[in-house]
Asks: 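Structure incoming, see below.
Throughout, protein chains are lettered first and strands after them, A, B, ... in sequence-line order, and every chain is numbered starting at 1. Values below: all heavy atoms of this structure, side chains included; hydrogens, waters and symmetry mates excluded.
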2 protein chains.
Amino acid sequence: MAASASRKQESRERLSRERVLASAIRLADVGGIESLSMRKLGEELGVEAMSLYNHVSNKDDLLNGMIDAVFAEIESPSLEEDWKTAMRTRGLSVRAALLRHPWATGLMDSGTTPGAATLRHHDRVIGCLRGGGFSFAMTAHAFSVLDGYIYGFAMQDKALPFDTPEDTGAMAAAMLARFPTGEFPFLAAFMREHVLKPGYDYGDEFEYGLDLILDALERRRDEV
Amino acid sequence: MAASASRKQESRERLSRERVLASAIRLADVGGIESLSMRKLGEELGVEAMSLYNHVSNKDDLLNGMIDAVFAEIESPSLEEDWKTAMRTRGLSVRAALLRHPWATGLMDSGTTPGAATLRHHDRVIGCLRGGGFSFAMTAHAFSVLDGYIYGFAMQDKALPFDTPEDTGAMAAAMLARFPTGEFPFLAAFMREHVLKPGYDYGDEFEYGLDLILDALERRRDEV
DNA sequence: ACCTGAACACCGTTCAAGT
DNA sequence: ACCTGAACACCGTTCAAGT
């Protein structure tokens, strides 16, 4: 009692893989992936960095675990609903997860040793498309174009150097100011006439593209 | 004469931003972006790491320069051709560049301070779409879905843990062996019936998706 | 079984000093 | 003007030692 009370109360519960992963995700959410180091993570947990290696085999394993935790947050596509609404919901759900965890964007498809939640997610996506009448070949096409788009869009959105409309204006001006007037006429007009108009938000583009692809897939479903 | 001959001949031409960038790209092409450090780059050029700072303001500036050099390798989309063939050629051209320089995949749209070649490329893409009859709003849609897909596909392809068909089989087996039989039935069937069939190459999916998107854009071009 | 301290081999970058 | 050596504040990871 006295002994346990004398220790720093905060983070002195026993370490576990789950606690390590949760802490790492919080750190990456707040400060970005580049601010996540084994040493800082240890500090966050009130422990030396080296203790982490008892719960995670190295930093790569840590990242894999974090990714799988993100997939676990995404509800797997339903096998009851019709494929198109299920795939639409799932697309929006992945995007929402990547907005919560932008650091995961480049890593979701990092391939090596996917975790259980990751495999389950992919299993359900394939099951949903097969159940919707897609051949194996068409399932491969659909999977590829949908996930390519979903992750690629997230990457672009994340990389965008402006988060607010005010930033957008400043950025656009700075970008074009570095070059002779008229050197990039189409880009300049596009900025002026579209991007800088009030109400523009790049994030809004996501659904347009998702629906465009889903419609196109529906049209091609019965080919080949 | 004698003096200059006594120095190591190899890399003793004067340093310049161009030489630094070219060397950095070569290093990243060969060993991946994570093997590119200021110290190794210096060594490659026969110079101390600190000398690089005379030609590049920091590592971020180095990376921006490298990206712009990759864009400079990509021929800008023609404004004479019809928009669809021009955009198709350009999509394939970007993909080819990313196959030559996989390390660039996550960085092409990194936003901050794009270089002249990058801006020119984007200017031409917008010009091509506008010239093809796309409204500003539709140009934004088209740009977003095309680039999202192109970069997203490259990211997935790069992340794929197998480069050869033999690897694919080994990988698929290892992946599924870690879990109870039947836990991922759709994934397992998909692997068995499609991915592991001879002749399968994920890279081939790229063109299918590109054409699917271009067709869908054509159909929607005159809306809104 | 879990945690630690010291150490190793790396990073990017600054700064005063050299030519 | 360009290059260097030494230094600073970081990394991931190993390993022997502690409890």
Asks: Give the residues of residues 57-66 of chain A touching DNA chain C, defined as any heavy atom closer than 4.0 Å, sorted by residue number.
Replies: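 Result for residues 57-66 of chain A: none.
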Asks: Which residues pass the salt bridge (charged side-chain N to carboxylate O under 4.0 Å, His left out) test with B:D68, sequence neighbours left out?
Replies: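 For B:D68, no residue satisfies salt bridge (charged side-chain N to carboxylate O under 4.0 Å, His left out) once neighbours in sequence are set aside.
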Asks: Hey, are B:D147 and B:R90 close enough for a salt bridge, meaning a charged N less than 4.0 Å from a carboxylate O?
Replies: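 A salt bridge is present here (some side-chain N lies under 4.0 Å from a carboxylate O).
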Asks: Before giving the answer on side chain to side chain donor-acceptor pair (under 3.5 Å), spell out for A:H55 and A:R19 the whole-Å C-alpha distance, their side-chain angles and the decisive distance to 0.1 Å.
Replies: CA-CA 10 Å; A:H55 303 94; A:R19 284 191 63 219; over 6 Å; no
Asks: As a check on the pairing definition, encode DNA chain C in dot-bracket form, counting Watson-Crick and G-U wobble pairs whose two distances are under 3.5 Å, and using | for partners outside this strand.
Replies: ||.|||||...|||||.||
Asks: With sequence neighbours excluded, tell me which residues meet side chain to side chain contact (heavy atoms under 4.5 Å, CB included) with B:S57.
Replies: B:D61
Asks: Show every salt bridge (Lys or Arg N to Asp or Glu O under 4.0 Å) that has at least one partner inside residues 50-59 of chain A, sequence neighbours left out.
Replies: none
Asks: In residues 24-40 of chain A, which ones come under 4.0 Å of DNA chain D, going by heavy atoms?
Replies: A:L36, A:S37, A:M38, A:R39, A:K40
Asks: Between the protein and nucleotides 17-19 of chain C, are there any N/O to N/O pairs under 3.5 Å, and if so, what are the atom names and distances?
Replies:
none

Asks: Could I get the full list of salt bridge (charged side-chain N to carboxylate O under 4.0 Å, His left out) partners for B:E207, not counting sequence neighbours?
Replies: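 So B:E207 forms a salt bridge (charged side-chain N to carboxylate O under 4.0 Å, His left out) with B:R88.
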Asks: Residues two or more places apart in sequence or in another chain: which of them pass side chain to side chain contact (heavy atoms under 4.5 Å, CB included) with A:S35?
Replies: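 Applying side chain to side chain contact (heavy atoms under 4.5 Å, CB included) to A:S35 gives A:K40.
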Asks: Quick one: list whatever passes salt bridge (charged side-chain N to carboxylate O under 4.0 Å, His left out) with B:R130, sequence neighbours left out.
Replies: none
Asks: What pairs meet the salt bridge (Lys or Arg N to Asp or Glu O under 4.0 Å) rule with one or both residues in residues 194-204 of chain A, with sequence neighbours excluded?
Replies: none
Asks: Could you work out, with salt bridge (charged side-chain N to carboxylate O under 4.0 Å, His left out) as the rule, every residue matching A:E18, not counting sequence neighbours?
Replies: none
